[in-house]
2 protein chains.
Amino acid sequence: MQEFFVTVDLVVLTIRDDRLQVLVVERKYPPYQGDWALPGGYVGAEEDLEAAAYRELAEETAIGAGVHLEQLATYGEPGRDPRGRTVTVAWLALVPEMRDPSAGTDAAAAAWRPVEDFEAGRLTLAFDHDRILADGIERARAKLEYSPLAAAFCPPEFTVAQLRGIYEAVWGHRLDPRNFHRKVTRSAGFLEPTGRTSTVDGGRPAQLYRRGSLDTLNPPITRATQA
Amino acid sequence: MQEFFVTVDLVVLTIRDDRLQVLVVERKYPPYQGDWALPGGYVGAEEDLEAAAYRELAEETAIGAGVHLEQLATYGEPGRDPRGRTVTVAWLALVPEMRDPSAGTDAAAAAWRPVEDFEAGRLTLAFDHDRILADGIERARAKLEYSPLAAAFCPPEFTVAQLRGIYEAVWGHRLDPRNFHRKVTRSAGFLEPTGRTSTVDGGRPAQLYRRGSLDTLNPPITRATQA
DNA sequence: CTAATAGTGTCTTTGAGACAGTATACT
DNA sequence: AGTATACTGTCTCAAAGACACTATTAG
């Protein structure tokens, strides 16, 4: 019976400079030495797949609260890794804005890069990681519609405008601030007011919210045909 | 570096007797000899994961056109298989009603069973297959809302009433025939009229349709609060 | 004061859900 | 005729999109 190597690879997304960005590492060793790749690594002998994903995430980022991690898909085409028959379980992580990442032991460097650079083909990744990244981005875009997941990109307390900025960055187009405000504040369980206000943006102070307990947005926020 | 066994397991769903049913096999050899399990098997040395899933599907069913196969999730908890560290990639298949299945080489028998028997705990499966089945059922239920996937359960040509029967069987409740008819026929690209009619159900003959080219239903068909 | 952002209200359109009513078959 | 199913139309209500207007800060 054939034996396989099993790895986890991570699509770690965040919002920086109002753009959706992905965490990539520079490969320190062959194959693809010097190329960019998704962070990842081998699953341990007695390690659960999800535990391996959390471990890799912790190695690359100063991980804290508010992280969302979910399984994306599994890729196992013969020949996808020249070192041997390898199946990789890809995970999607959404994290709040944070300081610069630290390179793990197998990486020469780690950096945030705008996803549009990959979508436009200006940057590419090692192995089949371009495909994995594309699947992760699509999953994130789709999930914002019907889940309160956008809050995973936010600090613990945030304003409606910040939340709207997340949607705009992920979907790549503007939303009407007034309709968005009505939509998210009237959706029971999505947001919890904290009572505090924030005055960061130079206008009238905004109410601060925490994530609510809701886990499915019904009706969803549609990305299709907004201004 | 730890080596793993990699398998594929299949959640094969169909509609029989107006109920959602799943294909299960009786295990011929240990472990769990004599128990019911999802069909599946080891991935070959030079075999793609999806190819392995198609191969297993063909071994159990007389598979034809109109099958939908998609990756569900991957399960790799240590200890989930007593034979060794095994990661399984689960796939969801939706097939039209067909004759009785044939047992594969590793199975003593193969049979369709109503999913409600598993959901109610009247039947259970070997390994962690109950969990995999639950995930597959939930995926199927969710996908009917926003994709034209229900047609995968239908023969090549079908009536609106047959299609409605699919939704009712999968979701487990009735839908208003008139609103359903309006919804699916007005949704451009969902259904293609064939010009032919069918007179199977004892009333006015119904228009026959083929699957259209649409791949995302917008707006979706909601399962939430229908009669 | 102006500029900027936060938040409310109102109008129009779309579509879901409820259900009356018409069409065309079988017995 | 009566019954069953197919299909169309109409009413009401909820929510999206567009956008006028008010509120509260900084400078």
Side-chain angles (χ1 to χ4, degrees), chain A residues 18 144-146 148 154 157-168 171 173-210 214 216-227, chain B residues 18 144-146 148 154 157-168 171 173-210 214 216-227:
Chain A
D18 297 319
L144 287 210
E145 294 198 23
Y146 59 88
C154 292
E157 297 194 355
F158 52 89
T159 66
V160 172
Q162 281 179 281
L163 187 67
R164 177 165 46 83
I166 303 292
Y167 279 89
E168 292 177 340
W171 287 345
H173 60 78
R174 300 258 139 197
L175 299 174
D176 184 285
R178 298 155 296 185
N179 291 336
F180 183 84
H181 188 281
R182 179 186 54 189
K183 172 77 185 173
V184 297
T185 54
R186 301 281 164 86
S187 190
F190 190 3
L191 298 180
E192 261 180 29
T194 63
R196 277 183 291 284
T197 57
S198 157
T199 184
V200 292
D201 281 324
R204 169 177 168 179
Q207 184 63 235
L208 280 168
Y209 294 89
R210 257 191 306 271
L214 196 72
T216 309
L217 223 48
N218 198 330
I221 302 179
T222 49
R223 59 176 150 164
T225 54
Q226 300 217 30
Chain B
D18 297 319
L144 287 211
E145 295 197 23
Y146 59 88
C154 291
E157 298 195 354
F158 52 89
T159 67
V160 171
Q162 281 179 282
L163 187 67
R164 177 165 46 83
I166 303 292
Y167 278 88
E168 292 177 340
W171 287 344
H173 61 78
R174 301 258 137 195
L175 299 173
D176 184 284
R178 298 156 295 186
N179 291 336
F180 183 84
H181 189 281
R182 177 186 56 189
K183 173 74 185 175
V184 298
T185 54
R186 302 280 164 86
S187 189
F190 189 4
L191 298 179
E192 262 180 28
T194 64
R196 279 183 290 283
T197 56
S198 158
T199 185
V200 291
D201 281 323
R204 169 176 168 179
Q207 185 64 236
L208 281 167
Y209 293 89
R210 256 191 307 270
L214 196 71
T216 309
L217 223 47
N218 199 327
I221 302 178
T222 51
R223 58 175 150 165
T225 54
Q226 300 218 29

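Numbers restart at 1 for each chain; the letters A, B, ... are given by sequence-line order, proteins then strands. Just so we're clear, the structure is a prediction, and the values are computed from it rather than from any experiment.
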Return the value, rounded to whole Å, for the distance between atom [atom1] of [X] and atom [atom2] of [N].
X: Tyr167(B); N: dA16(C); atom1: OH; atom2: P; value: 12 Å
X: Phe180(A); N: dT5(C); atom1: CZ; atom2: C1'; value: 15 Å
X: Arg196(A); N: dA6(C); atom1: CZ; atom2: P; value: 18 Å
X: Leu175(A); N: dA16(D); atom1: CG; atom2: C1'; value: 12 Å
X: Asn218(B); N: dA16(D); atom1: CG; atom2: C1'; value: 12 Å
X: Gln207(B); N: dT24(C); atom1: CD; atom2: P; value: 13 Å
X: Gln162(B); N: dC7(D); atom1: CD; atom2: P; value: 12 Å

I'd like a table of atom pairs between the protein and nucleotides 8-10 of chain C - only N or O on both sides, under 3.5 Å - with the distance next to each one.
residue, atom, partner, partner atom, Å
dT10(C), O4, Arg182(A), NH1, 3.2

Holding to side chain to side chain contact (heavy atoms under 4.5 Å, CB included), I want the full list of residues that pass it with [X], two or more places apart in sequence or in another chain.
X: Pro205(A); answer: Thr197(A), Thr199(A)
X: Pro193(A); answer: Gln207(A), Tyr209(A)
X: Ala161(B); answer: Thr159(B), Arg164(B)
X: Arg196(A); answer: Glu157(A), Thr194(A), Leu208(A), Arg210(A)

- prompt: Thr222(B) side chain N/O closer than 4.0 Å to the phosphate oxygens (OP1, OP2) of dG17(C)?
  reply: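 For dG17(C), OP1 or OP2 has a side-chain N or O of Thr222(B) closer than 4.0 Å.
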query: Should Lys183(B) be listed as having a side-chain N or O under 4.0 Å from OP1 or OP2 of dG15(C)?
result: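 For dG15(C), OP1/OP2 do not have a side-chain N/O of Lys183(B) under 4.0 Å.
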To the nearest 0.5 Å, what is the distance between [atom1] ([X]) and [atom2] ([Y])?
X: Thr222(B); Y: Leu144(B); atom1: OG1; atom2: CG; result: 12.5 Å
X: Ile166(B); Y: Cys154(B); atom1: CD1; atom2: SG; result: 4.0 Å
X: Phe190(A); Y: Ile221(A); atom1: CZ; atom2: CD1; result: 5.0 Å

field: Among dC19(D), dA16(D), dG7(C), the nucleotide that comes nearest once only the side chain of Asp176(A) is considered
entry: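 The nucleotide sitting nearest to the side chain is dC19(D).
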query: For DNA chain D, which consecutive runs of 3 or more Watson-Crick or G-U pairs (each distance under 3.5 Å) count as stems?
result: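 C:1-27 with D:1-27 - these are the stems of 3 or more pairs that involve DNA chain D.
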task: Can you sort out the partners of Arg204(A) under side-chain hydrogen bond (donor to acceptor under 3.5 Å, both in side chains), two or more places apart, ordered by chain and number?
output: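 With sequence neighbours excluded, Arg204(A) shows a side-chain hydrogen bond (donor to acceptor under 3.5 Å, both in side chains) to no residue whatsoever.
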message: I need the full list of side chain to side chain donor-acceptor pair (under 3.5 Å) pairs touching residues 180-193 of chain A, with sequence neighbours left out, sorted by first then second residue.
response: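 For residues 180-193 of chain A, and leaving out neighbouring residues, the side chain to side chain donor-acceptor pair (under 3.5 Å) pairs sorted by first residue read Asn179(A)-Arg182(A).
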query: Parallel, tilted or perpendicular: which fits the ring planes of His173(A) and Trp171(A), with parallel below 30° and perpendicular above 60°?
result: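 Judged by the thresholds at 30° and 60°, the geometry between His173(A) and Trp171(A) is parallel.
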Considering only nitrogen or oxygen atoms on both sides, find all protein atoms under 3.5 Å from nucleotides 25-27 of chain D and state each distance.
none

Qualifying residues under ring pair (Phe, Tyr, Trp, His ring centres under 6.0 Å), relative to Tyr146(A), sequence neighbours excluded: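 Ring pair (Phe, Tyr, Trp, His ring centres under 6.0 Å) list for Tyr146(A), sorted by chain: empty.
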